[in-house]
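Structure record follows, encoded as structure tokens.
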Amino acid sequence: MHSDKTIPATSNIGSYEERAASFDWSVAEAELGWSEGDPINIGAVCTDRICEQGLGAKLALLWEDSHGKERKYTFDELRVATNKYARYLQDIGVSPQDRVCVFMDRIPDFYISFLGILKLGGIAQPLFSAFGPESLVVRLQDADTKVALTTMRHVRKLRKIRQDLPNLETIVVVDCPDVSKLKEGEVAFSLDAAEPVEEFEAYPAWRETPSVLHYTSGTTGKPKGALHVHGSVIQQYISAKWVLDLGPDDVYWCTADPGWVTGTSYGIIGAWANGVTQMIYDGGFSSEAWYKLIAKYGVTIWYSAPTAIRLLMRDGKELAWKHDLSSLRHLISVGEPLNAEAVIWSEETFGKPFYDSYWQTETGSIIITNYPGMDVRPGSMGKPFPGIEAKVVDLQTHEPIDEPGRVGLIAIKPFWPSIMRGYWNNTPGYFSKFDRGWYLTGDRSSIDADGYFWFVGRDDDVINTGGHLVGPFEIESALLEHDAVAESAAVGTPDKVNMEVVKAFITLKPGFEPSDDLELEIMNFVRKRLSPLAMPQVIEFATTLPKTRSGKIMRRVLRAQEWGEPIGDISTLEND
Ligand code: 6R9
């Protein structure tokens, strides 16, 4: 399917082909006023630098929660507030490179303390507030976390595991109304009550100094802590500018939680390094609430995920059309394959397609993507970011594949500014990601004759039926085209003849009930769209699908159930 849509040439990137041909990272470095050997500190790049550009009075943060409570911060207020955190943490004994975790809801303190930690030279460890004690303890033990920042609502989960964390010196509660409520080793800090800190000299990190530690769930075993560095901002800055197309007048909304890499690389760093006003909503998913926020704040750029887009689709176009969404000018998606159906739906609903962007916690920034100004091929991830050499390589030999359409592993030529510099405490795991001069993503794709990448599936999600490999994405995309289907997950289930066959788990849109007739109808519907091998042999209706906290369908959980195998690490599972 090919759409002829092009976005006006006013986009920041201009012509993708020209940029890609002439780019080197010094272009981005020069824009940031940085050159090799200079110190670089993400906290200062996102606040002090913006104020020095004369943008101190510009709004940095428009914040709202699900009760309608609002806060606004200008860049100058953000600068002073991040200084307050940096100074306070220094006063309580945090030294550069100490790990400080941020464990709270999406309140302003999350975003501000994150940058404050970086200003001080500490390593920020952002965590989902929904984590339970088990998920927390493995991450805090592994990182040897010294200080945890949290709120009254979440402190009890830390208290439960405190005895297992001998190196956790201090828990800072940032909304404590009454210190008598605190236990030993806990202190209260209030951003509003703290004395303004006009000057704080940011730690003179160099580009390789560790900055952020993001845990990503492994397939088996423990979650892995991907360690990033201050120099990552060079890439986060330029990719936010060119892919998200952020500009001076934009109101940008990244719907990702900062416990997920999208919520920090682009929900904090990329946006504020560009001096852009962000809207942040501390509340769960609701189509209606989301549309109201877009209308109220005049959101122009919206960075979201397929899981949310599918829920918007479930609730129908009419709901969207009840709201004034005319401010939206560019929509981007990340986290999972973006089904062609979702791209088409968004064009019909918002008058604009969602542009896909592909990357990983480990890559730190967007790697393969669709750009404003480029023809979008619905269902394709687009092309590598300028400065990134990406290929698909043979599944076994890891040799690059030049043949258009042949499936292999997505591989990226190291090193780019924002690539992780290690897994915390896990050097063998880190080295296992590299082979023959490539970083191996663990995802499968093909590349067409024009250089567009077409995602197939994660390596461990691919179904081997009778020796033929089938990616879940094509099956799920076909299912999603059926009117009754809200979401689906295709996995392999044991089969005597073919080793495994395709089984599809399906959730239904409102107004549809599971039945044998509907199952038959869906089967017939996809039969026309899929090869016989990719055809689901079994359909199971479900009320929900297992997902990570960042909204990714965890097919391996369903697969393990089918095979009666251990489920592996499920610490990021949404409903634990
Ligand atoms: C940013 C982020 C990484 C994994 C990645 C892949 C999947 C992300 C995707 C996509 C298809 C896209 N993924 N974006 N798959 N199309 N546009 O998601 O990081 O949480 O580490 O997940 O997510 O499987 O390897 P992370």
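As the structure is a computational prediction, the values presented were derived from the model and not from experiment. Both counts, for ligands and for their atoms, begin at 1 and track the order of listing.
- Salt-bridge annotation for Asp142 and Lys222: present, with a side-chain N of the basic residue lying under 4.0 Å from a carboxylate O of the acidic one.
- No donor-acceptor distance shorter than 3.5 angstrom exists from the side chain of Glu208 to the backbone of Val229, with no hydrogens or angles considered.
- Checking Gln125 against Tyr215 by side-chain atom types alone, no donor-acceptor pair falls below 3.5 Å.
- Under the 3.5 Å distance criterion, with hydrogens and angles disregarded, no donor-acceptor pair is assigned to the side chains of Ser488 and Glu476.
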> Run the ring-ring contact (aromatic ring centres under 6.0 Å, His included) check on Tyr355 and Trp302 step by step: do they pass?
Replying inline: CA-CA 10 Å; Tyr355 283 66; Trp302 193 17; over 10 Å; no
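- A salt bridge links Arg207 and Glu29; the closest N-O separation between the charged side-chain nitrogens and carboxylate oxygens is under 4.0 Å.
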Close N/O pairs between ligand 1 and protein, under 3.5 Å:
{"from": "ligand 1", "atom 1": "13 (N)", "to": "Gly335", "atom 2": "O", "distance (Å)": "3.2"}
{"from": "ligand 1", "atom 1": "14 (N)", "to": "Gly335", "atom 2": "N", "distance (Å)": "3.1"}
{"from": "ligand 1", "atom 1": "16 (N)", "to": "Glu336", "atom 2": "O", "distance (Å)": "3.4"}
{"from": "ligand 1", "atom 1": "16 (N)", "to": "Pro337", "atom 2": "N", "distance (Å)": "3.4"}
{"from": "ligand 1", "atom 1": "17 (N)", "to": "Asp356", "atom 2": "OD1", "distance (Å)": "2.8"}
{"from": "ligand 1", "atom 1": "17 (N)", "to": "Asp356", "atom 2": "OD2", "distance (Å)": "3.4"}
{"from": "ligand 1", "atom 1": "17 (N)", "to": "Ser357", "atom 2": "O", "distance (Å)": "2.8"}
{"from": "ligand 1", "atom 1": "18 (O)", "to": "Lys552", "atom 2": "NZ", "distance (Å)": "2.7"}
{"from": "ligand 1", "atom 1": "19 (O)", "to": "Thr361", "atom 2": "N", "distance (Å)": "3.3"}
{"from": "ligand 1", "atom 1": "20 (O)", "to": "Trp260", "atom 2": "NE1", "distance (Å)": "2.9"}
{"from": "ligand 1", "atom 1": "20 (O)", "to": "Lys552", "atom 2": "NZ", "distance (Å)": "3.3"}
{"from": "ligand 1", "atom 1": "21 (O)", "to": "Thr361", "atom 2": "N", "distance (Å)": "2.8"}
{"from": "ligand 1", "atom 1": "21 (O)", "to": "Thr361", "atom 2": "OG1", "distance (Å)": "2.5"}
{"from": "ligand 1", "atom 1": "22 (O)", "to": "Lys552", "atom 2": "NZ", "distance (Å)": "3.0"}
{"from": "ligand 1", "atom 1": "23 (O)", "to": "Gly335", "atom 2": "O", "distance (Å)": "3.3"}
{"from": "ligand 1", "atom 1": "23 (O)", "to": "Lys552", "atom 2": "NZ", "distance (Å)": "3.2"}
{"from": "ligand 1", "atom 1": "24 (O)", "to": "Asp443", "atom 2": "OD1", "distance (Å)": "2.7"}
{"from": "ligand 1", "atom 1": "24 (O)", "to": "Asp443", "atom 2": "OD2", "distance (Å)": "3.4"}
{"from": "ligand 1", "atom 1": "24 (O)", "to": "Arg458", "atom 2": "NH1", "distance (Å)": "3.4"}
{"from": "ligand 1", "atom 1": "25 (O)", "to": "Gln360", "atom 2": "NE2", "distance (Å)": "2.8"}
{"from": "ligand 1", "atom 1": "25 (O)", "to": "Asp443", "atom 2": "OD1", "distance (Å)": "3.4"}
{"from": "ligand 1", "atom 1": "25 (O)", "to": "Asp443", "atom 2": "OD2", "distance (Å)": "2.5"}

